[in-house]
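Comments concern the structure below.
When reading the values below, keep in mind they use all heavy atoms of this one structure, side chains included, and skip hydrogens, waters and symmetry mates. Treat the numbers as computed from the prediction; the structure is a model and nothing was measured.
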Amino acid sequence: MPIPTVRLPSGVELPRLAFGTGTALYQSAAAKQVTMALNAGFRFVDGAEVYANEESAGEGIQAFLKSSGLKREDIYVLTKVGKDGMKDLQSAVKEEMRKLQVDYLDSYLLHFPPRGKDGLPSNVDAWRQLEKIKAAGLTKSIGVSNWLASDIQQLLDAGLSVPDINQIEFHPYLYANAEYTKLLALQKKHGIVTMTYAALAPFYKSTLPEDGPLHKALTAIAAKNDQRTTAAVLLRWALQRSEGIITTTTSKESRANELLDQLDSNNDAQLHLDEDELKQIDQAGKEHGYEKYYMAPFMQP
(Lines give C-alpha, C1' and ligand atoms only; values in the text may rest on other atoms or scores of the structure.)
Protein backbone atom coordinates (compact mmCIF):
# COMPACT_ATOMS: atom_id res chain seq x y z
CA MET A 1 0.00 0.00 0.00
CA PRO A 2 2.06 2.96 -1.24
CA ILE A 3 1.54 6.08 0.85
CA PRO A 4 2.29 9.33 -1.02
CA THR A 5 5.10 11.51 0.28
CA VAL A 6 5.74 15.23 0.51
CA ARG A 7 9.08 17.03 0.26
CA LEU A 8 9.86 19.64 2.92
CA PRO A 9 11.70 22.90 2.13
CA SER A 10 14.83 21.35 3.69
CA GLY A 11 14.65 18.45 1.24
CA VAL A 12 13.49 15.83 3.74
CA GLU A 13 10.74 13.62 2.31
CA LEU A 14 7.98 12.44 4.67
CA PRO A 15 4.94 10.16 4.24
CA ARG A 16 1.65 12.03 4.01
CA LEU A 17 0.16 9.89 6.79
CA ALA A 18 1.43 9.92 10.38
CA PHE A 19 0.34 7.90 13.39
CA GLY A 20 -0.38 10.29 16.25
CA THR A 21 0.27 9.46 19.89
CA GLY A 22 -1.94 12.27 21.23
CA THR A 23 -5.76 12.50 21.44
CA ALA A 24 -6.88 8.97 22.42
CA LEU A 25 -3.38 8.07 23.66
CA TYR A 26 -2.78 11.34 25.53
CA GLN A 27 -0.90 10.64 28.78
CA SER A 28 -1.46 6.91 28.23
CA ALA A 29 0.87 4.04 27.41
CA ALA A 30 1.37 3.94 23.65
CA ALA A 31 3.82 1.07 23.06
CA LYS A 32 1.24 -1.49 21.93
CA GLN A 33 -0.56 0.95 19.64
CA VAL A 34 2.64 2.27 18.04
CA THR A 35 3.87 -1.25 17.31
CA MET A 36 0.45 -2.17 15.90
CA ALA A 37 0.41 0.88 13.62
CA LEU A 38 3.93 0.25 12.33
CA ASN A 39 3.13 -3.41 11.70
CA ALA A 40 0.02 -2.35 9.78
CA GLY A 41 2.10 -0.15 7.47
CA PHE A 42 2.44 3.28 9.08
CA ARG A 43 6.03 4.55 8.84
CA PHE A 44 5.66 7.93 10.53
CA VAL A 45 5.17 8.40 14.31
CA ASP A 46 4.07 11.78 15.67
CA GLY A 47 4.74 12.52 19.34
CA ALA A 48 5.03 15.41 21.77
CA GLU A 49 6.50 16.26 25.15
CA VAL A 50 3.04 17.19 26.45
CA TYR A 51 1.56 13.80 25.51
CA ALA A 52 3.63 12.33 28.37
CA ASN A 53 4.00 8.97 26.65
CA GLU A 54 7.23 9.28 24.69
CA GLU A 55 8.98 6.53 26.63
CA SER A 56 6.26 4.03 25.78
CA ALA A 57 6.16 5.25 22.18
CA GLY A 58 9.90 4.63 22.03
CA GLU A 59 9.36 1.11 23.35
CA GLY A 60 6.82 0.53 20.59
CA ILE A 61 9.23 1.78 17.92
CA GLN A 62 12.05 -0.43 19.18
CA ALA A 63 9.80 -3.49 19.41
CA PHE A 64 8.78 -2.99 15.79
CA LEU A 65 12.33 -2.52 14.53
CA LYS A 66 13.47 -5.64 16.37
CA SER A 67 10.64 -7.83 15.08
CA SER A 68 10.55 -6.46 11.52
CA GLY A 69 14.27 -6.34 10.84
CA LEU A 70 13.90 -2.80 9.52
CA LYS A 71 16.36 -0.05 10.43
CA ARG A 72 15.85 3.27 12.15
CA GLU A 73 16.10 5.09 8.81
CA ASP A 74 13.11 3.12 7.52
CA ILE A 75 10.72 5.02 9.79
CA TYR A 76 10.16 8.69 10.60
CA VAL A 77 9.93 10.10 14.09
CA LEU A 78 8.64 13.58 14.90
CA THR A 79 8.14 15.14 18.31
CA LYS A 80 7.15 18.53 19.63
CA VAL A 81 8.63 20.48 22.51
CA GLY A 82 6.24 22.01 25.01
CA LYS A 83 6.34 24.73 27.65
CA ASP A 84 8.85 23.05 29.94
CA GLY A 85 11.24 22.14 27.17
CA MET A 86 11.16 25.56 25.53
CA LYS A 87 12.94 26.99 28.57
CA ASP A 88 16.05 24.94 27.67
CA LEU A 89 15.70 23.56 24.17
CA GLN A 90 19.22 22.16 23.95
CA SER A 91 18.57 19.91 26.95
CA ALA A 92 14.97 19.17 25.97
CA VAL A 93 15.79 17.66 22.58
CA LYS A 94 18.30 15.25 24.12
CA GLU A 95 15.81 14.21 26.78
CA GLU A 96 13.13 13.55 24.19
CA MET A 97 15.54 11.51 22.07
CA ARG A 98 16.42 9.49 25.17
CA LYS A 99 12.76 8.76 25.85
CA LEU A 100 12.07 7.81 22.25
CA GLN A 101 15.24 5.68 22.13
CA VAL A 102 16.50 7.29 18.92
CA ASP A 103 19.82 8.94 18.12
CA TYR A 104 18.24 11.55 15.85
CA LEU A 105 14.80 12.96 15.03
CA ASP A 106 13.33 13.36 11.59
CA SER A 107 11.45 16.49 12.70
CA TYR A 108 11.42 18.60 15.84
CA LEU A 109 8.67 21.20 16.30
CA LEU A 110 7.82 24.01 18.70
CA HIS A 111 4.38 22.85 19.90
CA PHE A 112 3.00 26.39 20.14
CA PRO A 113 4.31 29.94 19.60
CA PRO A 114 6.08 30.97 22.85
CA ARG A 115 5.78 34.70 22.01
CA GLY A 116 8.03 35.70 24.93
CA LYS A 117 5.24 35.10 27.45
CA ASP A 118 5.23 33.33 30.83
CA GLY A 119 9.01 33.16 31.04
CA LEU A 120 9.36 31.61 27.59
CA PRO A 121 11.63 32.84 24.79
CA SER A 122 10.40 34.92 21.90
CA ASN A 123 9.44 33.14 18.71
CA VAL A 124 12.68 34.33 17.11
CA ASP A 125 14.92 33.22 19.97
CA ALA A 126 13.26 29.82 20.21
CA TRP A 127 13.65 29.32 16.46
CA ARG A 128 17.33 30.22 16.63
CA GLN A 129 17.77 27.43 19.16
CA LEU A 130 16.02 24.98 16.83
CA GLU A 131 18.35 26.03 14.02
CA LYS A 132 21.30 25.15 16.28
CA ILE A 133 19.75 21.77 17.09
CA LYS A 134 19.39 21.01 13.38
CA ALA A 135 22.94 22.20 12.66
CA ALA A 136 24.20 19.80 15.34
CA GLY A 137 22.59 16.89 13.47
CA LEU A 138 20.06 16.05 16.19
CA THR A 139 17.14 16.48 13.81
CA LYS A 140 16.82 16.42 10.04
CA SER A 141 14.13 19.10 9.90
CA ILE A 142 12.56 21.69 12.16
CA GLY A 143 9.14 23.24 12.29
CA VAL A 144 6.33 24.68 14.37
CA SER A 145 2.82 23.79 15.48
CA ASN A 146 -0.24 25.95 16.13
CA TRP A 147 1.50 29.06 14.74
CA LEU A 148 -0.35 31.85 12.97
CA ALA A 149 0.86 33.76 9.92
CA SER A 150 1.97 36.63 12.18
CA ASP A 151 4.12 34.24 14.24
CA ILE A 152 5.85 32.81 11.17
CA GLN A 153 6.30 36.28 9.69
CA GLN A 154 8.47 37.20 12.68
CA LEU A 155 10.99 34.55 11.60
CA LEU A 156 10.93 35.75 8.00
CA ASP A 157 11.41 39.38 9.08
CA ALA A 158 14.42 38.32 11.17
CA GLY A 159 16.00 36.63 8.15
CA LEU A 160 15.82 33.18 9.69
CA SER A 161 15.19 29.88 7.93
CA VAL A 162 11.69 28.96 6.85
CA PRO A 163 9.97 26.28 8.99
CA ASP A 164 9.60 22.96 7.20
CA ILE A 165 6.26 22.19 8.86
CA ASN A 166 3.39 23.85 10.68
CA GLN A 167 1.18 21.25 12.34
CA ILE A 168 -2.29 22.69 12.87
CA GLU A 169 -5.82 21.63 13.71
CA PHE A 170 -7.51 21.22 10.34
CA HIS A 171 -11.16 20.55 9.50
CA PRO A 172 -14.01 22.34 7.66
CA TYR A 173 -15.10 24.31 10.73
CA LEU A 174 -11.76 26.14 10.64
CA TYR A 175 -10.98 26.32 6.95
CA ALA A 176 -12.86 29.57 6.27
CA ASN A 177 -11.50 31.35 9.35
CA ALA A 178 -9.67 34.56 8.42
CA GLU A 179 -6.57 33.58 10.38
CA TYR A 180 -6.42 30.25 8.54
CA THR A 181 -6.86 31.95 5.18
CA LYS A 182 -3.84 34.17 5.89
CA LEU A 183 -1.85 31.29 7.33
CA LEU A 184 -2.41 28.87 4.46
CA ALA A 185 -1.59 31.57 1.90
CA LEU A 186 1.69 32.38 3.67
CA GLN A 187 2.62 28.72 3.95
CA LYS A 188 1.93 28.12 0.27
CA LYS A 189 4.03 31.14 -0.70
CA HIS A 190 7.03 29.89 1.28
CA GLY A 191 6.60 26.15 0.74
CA ILE A 192 5.86 25.40 4.40
CA VAL A 193 4.15 22.02 4.61
CA THR A 194 0.85 21.86 6.46
CA MET A 195 0.70 18.90 8.84
CA THR A 196 -2.82 18.42 10.16
CA TYR A 197 -4.33 17.04 13.32
CA ALA A 198 -7.94 16.54 14.42
CA ALA A 199 -9.16 16.13 10.83
CA LEU A 200 -12.02 13.96 12.11
CA ALA A 201 -12.78 16.09 15.18
CA PRO A 202 -16.36 16.89 14.07
CA PHE A 203 -17.10 13.17 14.50
CA TYR A 204 -15.57 12.50 17.89
CA LYS A 205 -16.47 15.91 19.32
CA SER A 206 -20.15 15.20 18.54
CA THR A 207 -20.55 18.35 16.45
CA LEU A 208 -21.77 16.62 13.32
CA PRO A 209 -25.57 16.61 13.77
CA GLU A 210 -27.49 14.67 11.13
CA ASP A 211 -29.47 17.76 10.19
CA GLY A 212 -26.30 19.87 9.98
CA PRO A 213 -24.77 21.05 6.69
CA LEU A 214 -21.50 19.10 7.00
CA HIS A 215 -23.18 15.77 7.75
CA LYS A 216 -25.48 16.27 4.75
CA ALA A 217 -22.58 17.12 2.44
CA LEU A 218 -20.41 14.20 3.58
CA THR A 219 -23.31 11.75 3.33
CA ALA A 220 -24.21 12.86 -0.20
CA ILE A 221 -20.62 12.59 -1.41
CA ALA A 222 -20.05 9.22 0.29
CA ALA A 223 -23.19 7.82 -1.35
CA LYS A 224 -21.65 8.26 -4.80
CA ASN A 225 -19.13 5.48 -4.15
CA ASP A 226 -19.58 2.48 -1.86
CA GLN A 227 -15.84 2.54 -1.02
CA ARG A 228 -16.30 5.86 0.75
CA THR A 229 -17.55 6.40 4.28
CA THR A 230 -18.37 9.85 5.60
CA ALA A 231 -15.22 9.74 7.73
CA ALA A 232 -13.16 8.72 4.69
CA VAL A 233 -14.57 11.64 2.72
CA LEU A 234 -13.59 14.07 5.47
CA LEU A 235 -10.11 12.55 5.65
CA ARG A 236 -9.65 12.94 1.90
CA TRP A 237 -10.89 16.53 2.11
CA ALA A 238 -8.18 17.28 4.68
CA LEU A 239 -5.53 15.53 2.58
CA GLN A 240 -6.42 17.45 -0.56
CA ARG A 241 -7.13 20.85 1.00
CA SER A 242 -4.02 20.81 3.20
CA GLU A 243 -1.82 19.44 0.40
CA GLY A 244 0.27 18.13 3.28
CA ILE A 245 0.42 15.47 5.98
CA ILE A 246 -2.50 13.87 7.82
CA THR A 247 -2.02 12.85 11.46
CA THR A 248 -4.51 10.40 12.90
CA THR A 249 -4.64 7.74 15.59
CA THR A 250 -6.46 4.58 16.57
CA SER A 251 -6.15 1.68 18.97
CA LYS A 252 -7.68 -0.81 16.53
CA GLU A 253 -5.71 -2.71 13.89
CA SER A 254 -8.75 -2.85 11.58
CA ARG A 255 -9.07 0.93 11.78
CA ALA A 256 -5.34 1.39 11.12
CA ASN A 257 -5.67 -0.71 7.98
CA GLU A 258 -8.70 1.31 6.90
CA LEU A 259 -6.79 4.57 7.32
CA LEU A 260 -3.89 3.23 5.30
CA ASP A 261 -6.30 2.13 2.57
CA GLN A 262 -7.82 5.61 2.42
CA LEU A 263 -4.44 7.15 1.65
CA ASP A 264 -3.14 4.32 -0.52
CA SER A 265 -2.07 5.85 -3.85
CA ASN A 266 -3.58 2.86 -5.64
CA ASN A 267 -7.03 3.93 -4.42
CA ASP A 268 -6.85 7.54 -5.60
CA ALA A 269 -9.11 6.99 -8.60
CA GLN A 270 -11.95 5.77 -6.36
CA LEU A 271 -11.41 8.10 -3.41
CA HIS A 272 -10.22 11.38 -4.94
CA LEU A 273 -12.64 14.28 -4.43
CA ASP A 274 -13.26 16.61 -7.33
CA GLU A 275 -13.24 20.38 -6.89
CA ASP A 276 -17.03 20.59 -6.71
CA GLU A 277 -17.10 18.05 -3.87
CA LEU A 278 -14.35 19.91 -2.04
CA LYS A 279 -16.26 23.17 -2.35
CA GLN A 280 -19.43 21.52 -1.02
CA ILE A 281 -17.51 20.55 2.13
CA ASP A 282 -15.89 24.00 2.35
CA GLN A 283 -19.31 25.65 2.22
CA ALA A 284 -20.85 23.23 4.72
CA GLY A 285 -18.10 24.00 7.21
CA LYS A 286 -18.60 27.72 6.69
CA GLU A 287 -22.35 27.37 7.25
CA HIS A 288 -21.80 25.45 10.48
CA GLY A 289 -19.53 28.19 11.79
CA TYR A 290 -16.17 28.47 13.49
CA GLU A 291 -15.14 25.68 15.86
CA LYS A 292 -11.66 25.11 17.29
CA TYR A 293 -11.21 22.26 19.74
CA TYR A 294 -7.51 22.50 20.64
CA MET A 295 -5.05 25.28 21.45
CA ALA A 296 -7.74 27.92 20.93
CA PRO A 297 -5.82 30.65 22.82
CA PHE A 298 -3.20 30.69 20.07
CA MET A 299 -5.74 31.83 17.48
CA GLN A 300 -5.05 35.34 18.75
CA PRO A 301 -1.60 36.82 17.95
* Over all heavy atoms of both residues, which pair between Ala199 and Leu234 is shortest? Give the atoms and the distance, please. => O-CD2, 3.4 Å
* **Phe19 and Phe42 aromatic ring geometry - parallel, tilted or perpendicular at 30°/60° bounds** => perpendicular
* Who passes side chain to side chain contact (heavy atoms under 4.5 Å, CB included) against Glu253, sequence neighbours left out? -> Met36, Asn257
* Stepwise side chain to side chain contact (heavy atoms under 4.5 Å, CB included) check, Leu186 with Leu156 -> CA-CA 11 Å; Leu186 180 75; Leu156 303 177; 4.1 Å; yes
* To do: Just do the side chain to side chain contact (heavy atoms under 4.5 Å, CB included) check on Leu273 and Val233 with the steps written out, would you?
  => CA-CA 8 Å; Leu273 302 177; Val233 170; 4.3 Å; yes
* May I ask you to say whether Glu275 pairs ionically with Arg241, meaning some side-chain N is under 4.0 Å from a carboxylate O? => yes
* Please examine the side chains of Leu89 and Leu110, heavy atoms only from C-beta on, and report whether any two atoms are closer than 4.5 Å. => yes
* **Basic-acidic side-chain contact under 4.0 Å: Asp282, Lys279** => no
* Can you tell me which residue pairs pass the ring pair (Phe, Tyr, Trp, His ring centres under 6.0 Å) test with a partner in residues 222-257, sequence neighbours excluded? => Phe170-Trp237, Tyr175-Trp237
* To do: Please report the shortest heavy-atom distance between Gln101 and Gly58, naming the atom on each side.
  => NE2-C, 3.9 Å
* Kindly determine whether Leu14 and Ser107 satisfy side chain to side chain contact (heavy atoms under 4.5 Å, CB included), including the steps that lead there. => CA-CA 10 Å; Leu14 294 175; Ser107 290; 4.0 Å; yes
* Asked: Would a 4.5 Å heavy-atom cut-off, applied to side chains only, mark Arg236 and Asp268 as touching?
  -> yes
* Structure fact -> Quick note, salt bridge (charged side-chain N to carboxylate O under 4.0 Å, His left out) partners involving residues 99-111, not counting sequence neighbours, are Arg72-Asp106
* **Thr249 side-chain N/O to Gly20 backbone N/O, donor-acceptor pair under 3.5 Å** => yes
* Quick one: does Tyr180's side chain get under 4.5 Å of Leu148's, heavy atoms only? -> no
* Enumerate the residue pairs fulfilling salt bridge (charged side-chain N to carboxylate O under 4.0 Å, His left out) with a member in residues 167-179, sequence neighbours excluded, ordered by first and then second residue. => Glu169-Lys292, Glu179-Lys182
* Taking Asp74 for its side chain and Lys71 for its backbone only, find out whether a donor-acceptor pair lies under 3.5 Å. => yes
* Does Thr196 reach the side chain of Ile168, with side-chain heavy atoms less than 4.5 Å apart? -> no
* **Salt bridge present between Glu55 and Arg98 (N-O < 4.0 angstrom)** => yes
* Is a donor on one side and an acceptor on the other found under 3.5 Å between the side chain of Asn39 and the backbone of Thr35? -> yes
* To do: Using only heavy-atom distances, determine whether the side chains of Glu291 and His288 contain a donor-acceptor pair under 3.5 Å.
  => yes
* List in chain and number order the residues that pass side-chain hydrogen bond (donor to acceptor under 3.5 Å, both in side chains) with Gln129, two or more places apart in sequence or in another chain; answer none if no residue qualifies. => Gln90
* Please report the shortest heavy-atom distance between Ala198 and Tyr294, naming the atom on each side. => CB-CE1, 3.9 Å
* Main-chain N/O of Gln270 paired to Asn225 side chain as donor or acceptor, under 3.5 Å -> yes
* Asked: Which atoms form the tightest heavy-atom contact between Tyr104 and Met97, and what is the distance?
  -> N-CE, 3.7 Å
* Asked: Is there a donor-acceptor pair under 3.5 Å between the side chain of Thr229 and the backbone N or O of Ala232?
  -> yes
* Asked: Which pair of heavy atoms, one from Pro113 and one from Ser145, lies closest together, and at what distance?
  -> CD-O, 4.1 Å
* Asked: Taking the side chain from Arg115 and the backbone from Ser122, do they hold a donor-acceptor pair closer than 3.5 Å?
  -> no
* Asked: Does a side chain donor of either Thr219 or Thr230 reach within less than 3.5 Å of an acceptor in the other side chain?
  -> no
* To do: Side-chain contact test, heavy atoms from C-beta onward, threshold under 4.5 Å: evaluate it for Leu105 versus Leu78 and give yes or no.
  => no
* **With sequence neighbours excluded, residues passing side chain to side chain contact (heavy atoms under 4.5 Å, CB included) with Lys189** => none
* Structure fact -> So NZ of Lys140 and CG of Leu8: to nearest 0.5 Å the spacing works out to 11.5 Å
* To do: With the side chain counted from C-beta on, respond yes when Ile61 and Val34 share a heavy-atom pair under 4.5 Å apart, and no when they do not.
  => yes
* Asked: Any Lys/Arg nitrogen of Lys134 or Glu131 sitting under 4.0 Å from an Asp/Glu carboxylate oxygen of the other?
  -> no
* Should Thr194 and Leu184 be marked as a side chain to side chain contact (heavy atoms under 4.5 Å, CB included) after you check the CA-CA gap, both sets of side-chain angles, and the distance that decides it? -> CA-CA 8 Å; Thr194 299; Leu184 294 173; 3.8 Å; yes
* To do: Heavy atoms only: give me the nearest Ser150-Pro301 pair and the separation to one decimal.
  => OG-CB, 3.7 Å
* **Shared hydrophobic cluster, Ile246 / Val6 (ILVMFWY, side-chain heavy atoms < 4.5 Å)** => no
* Residue pairs, two or more places apart or on separate chains, that pass salt bridge (charged side-chain N to carboxylate O under 4.0 Å, His left out) and touch residues 6-35 -> Arg7-Glu13
* So which of Tyr293, Tyr290, Tyr197 actually passes ring pair (Phe, Tyr, Trp, His ring centres under 6.0 Å) with His171? -> Tyr293
* Asked: Hey, is the main chain of Pro15 close enough, under 3.5 Å, to the side chain of Thr5 for a donor-acceptor pair?
  -> no
* For Tyr51 and Thr79, indicate whether the former's side chain and the latter's backbone hold a donor-acceptor pair under 3.5 Å. => no
* Ala136: partners by side chain to side chain contact (heavy atoms under 4.5 Å, CB included), with sequence neighbours left out -> Leu138
* Asked: Restricting to pairs with a member in residues 35-50, which pass salt bridge (charged side-chain N to carboxylate O under 4.0 Å, His left out), not counting sequence neighbours?
  -> Asp46-Lys80
* **Side-chain heavy atoms of Leu109 within contact of Ile142, under 4.5 Å** => no
* Output yes when a side-chain donor or acceptor of Trp147 lies under 3.5 Å from a complementary backbone atom of Leu183, and no otherwise. => no
* Residue pairs passing the ring pair (Phe, Tyr, Trp, His ring centres under 6.0 Å) test where at least one lies in residues 56-91, sequence neighbours excluded -> none
* To do: Flag the pair Glu277 and Lys224 as a salt bridge only when some basic side-chain nitrogen lies within less than 4.0 angstrom of an acidic carboxylate oxygen.
  => yes
* Kindly say whether Asp88 contributes a backbone atom to a donor-acceptor pair with the side chain of Ser91 at under 3.5 angstrom? => no
* Structure fact -> The side chain to side chain donor-acceptor pair (under 3.5 Å) partner of Asp151 among Asn123, Asn146, Asn166 is Asn123
* Would you list the pairs meeting ring pair (Phe, Tyr, Trp, His ring centres under 6.0 Å) in which at least one residue belongs to residues 240-275, sequence neighbours left out? => none
* Asked: Quick check: are there more than 12 heavy atoms from other residues, nucleotides or ligands sitting under 6.0 Å from CD of Glu73?
  -> yes
* Got Asp164 and Val193 here, is their nearest side-chain heavy-atom distance under 4.5 Å? -> no
* Report the residues that fulfil side chain to side chain contact (heavy atoms under 4.5 Å, CB included) with Lys87, sequence neighbours left out, ordered by chain and then residue number. => Leu120
